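Report on the structure given below.
Here the structure is a predicted model, which is why all the values come from computation and not from measurement. Along the sequence shown, residues are numbered consecutively beginning with 1. All values below come from the heavy atoms of this structure, side chains included, with hydrogens, waters and symmetry mates left out.
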Amino acid sequence: VAATFGIGIFFILPFLVARVADNYVPSPFVSHIIEGALRLALFLAYIIAIGQLADIKRVFAYHGAEHMTINAYEAGAELTPPSVARFSLIHPRCGTGFLLIVMVVSIFVFSFIGRPNLVWSIVARIVLIPVIAGISYEFIRFSAKRYQTNALVRWLITPSLALQRLTTRPPDAGMLEVAI
């Protein structure tokens, strides 16, 4: 049910809204950019809205604890709450960043299919999700390996890292213990 809802809200709804704009835009690529921008706006609105809920703020603090623990582990630091607490809430392989990359990659992938009829366009959006996810995963892997040493990669993933500021919160010591 959640997957169907997510696909409907974040893939089909932006497509249908952008389809209406097709009569007013000069090319299918511009239409795909509009669709992608709508998808991103819905995603950001969703993250910001749920981030106001007390339970989700707690989840976001655990998310921060997870990142801090992974950063400490990868740095070879001692895995104790005081040691882990010194590390960043931000991590280049974050799932939130992955979702952002999926949205950007989808603009380019969907551009290759043009604007077939309504049914084929919707089917393509569903069928191509694994392809888009695979490309996005490989980009995340590639960028995580080069994040520390390549300025271009750091620049490319800056939006992904900025988005994590919405989905992570500083954890308490108990949350760090759970994450460790």
Side-chain angles (χ1 to χ4, degrees), residues 1-22 28 31-70 89-141 143-144 157 159-172 174-180:
V1 171
T4 301
F5 181 76
I7 290 169
I9 294 294
F10 298 113
F11 281 90
I12 305 304
L13 179 63
F15 162 73
L16 293 174
V17 172
R19 190 74 173 211
V20 171
D22 279 352
S31 181
H32 289 292
I33 290 174
I34 292 169
E35 180 184 343
L38 289 169
R39 184 176 297 116
L40 181 58
L42 283 169
F43 178 67
L44 289 173
Y46 173 76
I47 293 293
I48 290 167
I50 68 167
Q52 304 308 308
L53 302 171
D55 287 346
I56 300 300
K57 286 180 181 179
R58 186 165 169 77
V59 168
F60 286 174
Y62 275 107
H63 187 208
E66 170 203 4
H67 283 200
M68 294 168 87
T69 302
I70 291 169
L89 294 170
I90 306 303
H91 193 276
R93 289 190 315 271
C94 177
T96 305
F98 171 76
L99 292 174
L100 178 63
I101 301 300
V102 163
M103 290 179 196
V104 172
V105 167
S106 71
I107 293 169
F108 296 103
V109 170
F110 294 150
S111 293
F112 286 112
I113 64 169
R115 281 292 192 207
N117 70 47
L118 181 65
V119 172
W120 281 113
S121 291
I122 291 173
V123 167
R125 268 145 190 78
I126 295 168
V127 170
L128 289 173
I129 288 173
V131 173
I132 293 165
I135 294 168
S136 301
Y137 172 77
E138 292 302 328
F139 177 79
I140 291 284
R141 283 187 60 217
S143 64
I157 68 169
S160 169
L161 301 177
L163 182 61
Q164 291 177 45
R165 298 196 190 287
L166 295 176
T167 63
T168 59
R169 303 275 192 278
D172 60 33
M175 292 173 176
L176 288 173
E177 287 179 15
V178 170
I180 291 167

Leu13 side chain near Leu38 side chain, heavy-atom distance below 4.5 Å: no
Shortest non-hydrogen separation from Arg39 to Phe110 and the atoms involved: NH2-CE1, 3.8 Å
Separation between CD1 of Ile9 and CD1 of Ile7, rounded to the nearest 0.5 Å: 11.5 Å
Ser121 to Pro116 - nearest heavy-atom pair and separation: OG-O, 2.9 Å
Qualifying salt bridge (Lys or Arg N to Asp or Glu O under 4.0 Å) pairs, either residue in residues 98-114, two or more places apart: none
Residue pair Leu16 / Leu118, side-chain heavy-atom distance below 4.5 Å: yes
side-chain contact (heavy atoms from CB on, under 4.5 Å) between Glu177 and Ile180, worked out: CA-CA 5 Å; Glu177 287 179 15; Ile180 291 167; 5.6 Å; no
For the student: nearest non-hydrogen atoms of Gly51 and Lys57, plus distance: O-CG, 3.2 Å
Non-hydrogen atoms of Phe60 and Ile47 that approach each other most closely: CE1-O, 4.5 Å
Heavy-atom pair with the smallest gap, counting every atom of Ile50 and Ile56: O-CB, 3.1 Å
Could you pull out every donor-acceptor pair under 3.5 Å between side chains of residues 90-100 and any protein atom, sequence neighbours left out?
{"residue": "His91", "atom": "ND1", "partner": "Arg93", "partner atom": "N", "Å": "3.1"}
{"residue": "His91", "atom": "NE2", "partner": "Glu74", "partner atom": "OE1", "Å": "3.0"}
{"residue": "Arg93", "atom": "NH1", "partner": "Glu74", "partner atom": "OE2", "Å": "3.2"}
{"residue": "Arg93", "atom": "NH2", "partner": "Glu74", "partner atom": "OE2", "Å": "2.4"}
{"residue": "Thr96", "atom": "OG1", "partner": "Thr167", "partner atom": "OG1", "Å": "3.1"}

His67: ring pair (Phe, Tyr, Trp, His ring centres under 6.0 Å) partners, not counting sequence neighbours: His63
Nearest-0.5 Å distance that lies between atom CG in Leu128 and atom CD1 in Ile135: 9.0 Å
Check: Arg165 side chain, Leu161 main-chain N or O, donor-acceptor pair, under 3.5 Å: no
Heavy-atom closest pair, residues Phe11 and Glu35: O-OE2, 4.1 Å
Atom pair CZ/OG of Arg19 and Ser31 - distance to nearest 0.5 Å: 8.0 Å
Over 12 non-hydrogen atoms of neighbours within 6.0 angstrom of CG in Asp55: no
Criterion side-chain contact (heavy atoms from CB on, under 4.5 Å) on Phe10 and Leu42, from CA distance to verdict: CA-CA 7 Å; Phe10 298 113; Leu42 283 169; 4.1 Å; yes
Separation of Phe15 CZ from Asp22 CG (nearest 0.5 Å): 7.5 Å
Atom pair CG/CD1 of Leu163 and Ile157 - distance to nearest 0.5 Å: 12.5 Å
Within-4.5 Å side-chain heavy-atom neighbours: Pro170 and Leu89: yes
Test log, rule side-chain contact (heavy atoms from CB on, under 4.5 Å), inputs Arg125 and Ile113: CA-CA 10 Å; Arg125 268 145 190 78; Ile113 64 169; 3.7 Å; yes
Whether over 12 other heavy atoms sit under 6.0 Å from Tyr62 OH: yes
